[in-house]
A.B. asks: 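Structure provided below as structure tokens; questions to follow.
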Amino acid sequence: MGWDQHLLTWFNAHQREMPWRSNPLPYWVWVSEIMLQQTQVATVIPYFNRFIAQFPTVEILAAANQQTVLKAWEGLGYYSRARNLHKAAQIVCNDHQGQLPDTYEGLQKIPGIGPYVGAAIASIAFSQPVPVVDGNVLRVFSRFWGIETDITKPQARVVIFSRLSPVIQAKTASNFNQAIMELGALICTPKSPNCTQCPLSFECIAFQTNRTTELPVKAKKAATPHYDIAVAVIWKDGKILIGKRKPDQLLGGMWEFPGGKQKPNESLAQTAEREATEETGLEIRVKDGFITVNHAYTHFKITLTAFNCEYFAGLASNKTTDEVRWVDPEELNDYPFPKANKKVVEAILAPKILAQTPLFEV
DNA sequence: AATACGGGGGT
DNA sequence: ACCCCAGTATT
């Protein structure tokens, strides 16, 4: 029996339940695979269930507005995935009669679908014998075949894709691809792989030569910089000013409080006032800071401090954002906020019990 | 080929 | 702290 058969047998016995596995409709596979990019299964499951309940078909997704889709994506990150999925749904409905292309090449013409998702949909939804090459696959086969190509280099994908292509078969393409990824997630883990339970260990070069800690070869990432950020929660007649970030940038289409990076020789309160004026044209004055949030993005880290601010003068304008809007505090949860700003929203809305002093002593 | 792009979980 | 995660688009 070949190693691929051992893999499939193991998968039949050990695969996890996932909502999109119960019924691999192309639309479900599509949505799940977009969500699963750089995101663990456990994180995706609740988002997937809510998303399918809210947008049960590609037509309903296409008809939704982008803000609704971003709100459904709120907290999941990589928001270009949501913007591309929404745009792609409209393309599929307008140009493809609501049907996804059913080939590896055709799928990759759809926005947001690259080599991985193209192969995943082609194999899982359409039984095409195309191998997926994700982070799990790179790790599993670097070890299994003793490949020493740095898996952060594009070349590693080419090498492993071409070696898997003659192995994968149409009849079992869906399970074959999912089995490798499941093996990578459950057994052939980055640290301390569970080789004693691995169905491929009998032929695994890394295991047989005791090199599982040396493979895969992977270049280290540079340390990310840290920035101090101040944001202004500007109050006027009981409303708060928020801005919508421009599309196709970091956190595009999401809402935020005006603010930015602290400059040298500047207090955080001064940062909040300067940035708020630069971004909105308003004249404001900081009253008090009320929360500090630490947050890590992909390429940098921030410490964000939020200040309650008093409005003095000016007409709010969208100098650096797509749109600015005065909203009631109770309306804040209707808007999609990225994580760090969401924590500021929660602090605004939280009852300030601890800050209150008793009205009278007994 | 290199870089930008979120956020959560594991060690 | 650092690494990793069912990657893609852009340069």
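Just so you know, these numbers come straight off a predicted model, no measurement behind them. Every chain is numbered from 1, with letters handed out A, B, ... down the list of sequences.
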A.B. asks: Given atom CZ of Arg81(A) and atom C1' of dG8(B), what is their separation to the nearest angstrom?
C.D. replies: 12 Å
A.B. asks: Counting only side-chain heavy atoms from C-beta out, which of dA6(C), dG7(B), dG7(C) sits nearest to Pro338(A)?
C.D. replies: dG7(B)
A.B. asks: Does CG in Asn210(A) sit with more than 12 non-hydrogen atoms of other residues, nucleotides or ligands closer than 6.0 Å?
C.D. replies: no
A.B. asks: Could you please name the option among dA6(C), dA1(B), dC5(C) that lies closest to any side-chain atom of Pro154(A)?
C.D. replies: dA1(B)
A.B. asks: Please say whether more than 12 non-hydrogen atoms of neighbouring residues, nucleotides or ligands are located less than 6.0 Å from CD in Gln54(A).
C.D. replies: yes
A.B. asks: On the side chain of Thr298(A), is there an atom forming a donor-acceptor pair with the base of dG6(B) - under 3.5 Å, no angle test?
C.D. replies: yes
A.B. asks: Indicate, with a heavy-atom threshold strictly under 4.0 Å, whether Arg83(A) touches base, sugar-phosphate, or nothing.
C.D. replies: nothing
A.B. asks: Nearest to the Val41(A) side chain among dG6(B), dG7(C), dA6(C), which nucleotide is it?
C.D. replies: dA6(C)
A.B. asks: Is any side-chain N or O of Tyr116(A) under 3.5 Å from a base N or O of dG7(C), one able to act as donor and the other as acceptor?
C.D. replies: no
A.B. asks: Between Tyr27(A) and Phe55(A), is a side-chain contact (heavy atoms from CB on, under 4.5 Å) present by the stated rule, with each step listed?
C.D. replies: CA-CA 10 Å; Tyr27(A) 177 63; Phe55(A) 311 107; 3.6 Å; yes
A.B. asks: Could you check which of dC5(C), dG7(B), dT8(C) has an atom nearest any side-chain atom of Asn136(A)?
C.D. replies: dC5(C)
A.B. asks: Return whichever of Gln40(A) or Met35(A) has its heavy-atom-nearest nucleotide of DNA chain B closer to the 5' end.
C.D. replies: Met35(A)
A.B. asks: Tell me: CD of Gln108(A) to P of dA9(C), nearest whole Å?
C.D. replies: 9 Å
A.B. asks: Would you indicate what Leu76(A) reaches in the nucleic acid, counting non-hydrogen atoms under 4.0 angstrom: base, sugar-phosphate, or nothing?
C.D. replies: base
A.B. asks: Between dG10(B), dC5(B), dT8(C), which nucleotide gets closest to the side-chain atoms of Pro115(A)?
C.D. replies: dT8(C)
A.B. asks: Rounded to the Å, how far apart are Lys221(A) NZ and dC5(C) C1'?
C.D. replies: 10 Å
A.B. asks: So for Thr39(A) and dG6(B), does any side-chain atom that can act as donor or acceptor lie under 3.5 Å from a complementary atom in the base?
C.D. replies: yes
A.B. asks: Of the nucleotides dC3(C), dG7(C), dG8(B), which has the atom closest to the Tyr78(A) side chain?
C.D. replies: dG7(C)
A.B. asks: Does His299(A) make a side-chain N or O approach to OP1 or OP2 of dC5(B) shorter than 4.0 Å?
C.D. replies: no
A.B. asks: Does the side chain of Lys339(A) get closer than 4.0 angstrom to OP1 or OP2 of dG8(B) through an N or O atom?
C.D. replies: yes
A.B. asks: Applying a 4.0 Å non-hydrogen cut-off, can you work out what Gly184(A) is touching in the nucleic acid: base, sugar-phosphate, or nothing?
C.D. replies: nothing
A.B. asks: How long is the line joining CZ of Phe300(A) and P of dA4(B), in whole Å?
C.D. replies: 10 Å
A.B. asks: Ile151(A) has an atom CD1; how far is it from atom P of dA1(B), in whole Å?
C.D. replies: 16 Å
A.B. asks: Could you work out the separation of dA6(C) and dC5(B) based on their P atoms and round it to a whole Å?
C.D. replies: 23 Å
A.B. asks: Find the distance Lys342(A):NZ to dG8(B):P and express it as a whole number of Å.
C.D. replies: 12 Å
A.B. asks: Between Gly112(A) and Arg139(A), who's closer to the 5' end of DNA chain C by nearest nucleotide?
C.D. replies: Arg139(A)
A.B. asks: Would you mind classifying the nucleic acid contact of Ile113(A) as base, sugar-phosphate or nothing, using non-hydrogen atoms under 4.0 angstrom?
C.D. replies: sugar-phosphate
A.B. asks: Which sits closer to the 5' end of DNA chain B, Gly75(A) or Gln155(A), going by the nucleotide each is nearest to?
C.D. replies: Gln155(A)
A.B. asks: Could you go through the side-chain contact (heavy atoms from CB on, under 4.5 Å) check for Val69(A) and Leu85(A) one step at a time?
C.D. replies: CA-CA 9 Å; Val69(A) 179; Leu85(A) 177 60; 5.9 Å; no
A.B. asks: One thing to verify: whether Glu148(A) and Arg211(A) come together as a salt bridge, which I'm taking to mean a side-chain N less than 4.0 angstrom from a carboxylate O.
C.D. replies: yes
A.B. asks: Identify whether any heavy atom of Tyr297(A) sits under 4.0 Å from a base atom; if not, whether one sits that close to sugar-phosphate; answer base, sugar-phosphate or nothing.
C.D. replies: sugar-phosphate
A.B. asks: Return the value, rounded to whole Å, for the distance between atom CG of Leu107(A) and atom C1' of dT8(C).
C.D. replies: 14 Å
A.B. asks: Using the rule ring-ring contact (aromatic ring centres under 6.0 Å, His included), only one of Phe202(A), Phe144(A), Phe11(A), Phe176(A) pairs with His6(A); which is it?
C.D. replies: Phe202(A)
A.B. asks: State which of dC5(C), dA6(C), dG6(B) makes the closest approach to the side chain of Gln178(A).
C.D. replies: dA6(C)
A.B. asks: Using a cut-off of strictly less than 4.0 Å, decide whether Gln38(A) has a side-chain nitrogen or oxygen near OP1 or OP2 of dG7(C).
C.D. replies: yes
A.B. asks: Quick check on dC4(C): is either OP1 or OP2 less than 4.0 Å from any side-chain nitrogen or oxygen of Lys218(A)?
C.D. replies: yes
A.B. asks: Return the nearest nucleotide to the side chain of Lys153(A); candidates are dA6(C), dA2(B), dG9(B).
C.D. replies: dA2(B)
A.B. asks: Within the structure shown, what part of the strands sits under 4.0 Å from Met18(A) by heavy-atom distance: base, sugar-phosphate, or nothing?
C.D. replies: base
A.B. asks: For the residue pair Met1(A) and Gln5(A), what are the closest heavy atoms and their distance?
C.D. replies: CG-CB, 3.2 Å
A.B. asks: So, is Tyr79(A) near the phosphate of dG7(B), with a side-chain N or O under 4.0 Å from OP1 or OP2?
C.D. replies: yes
A.B. asks: Expressed as a whole number of angstroms, how long is the span from Asn294(A):CG to dG6(B):C1'?
C.D. replies: 16 Å
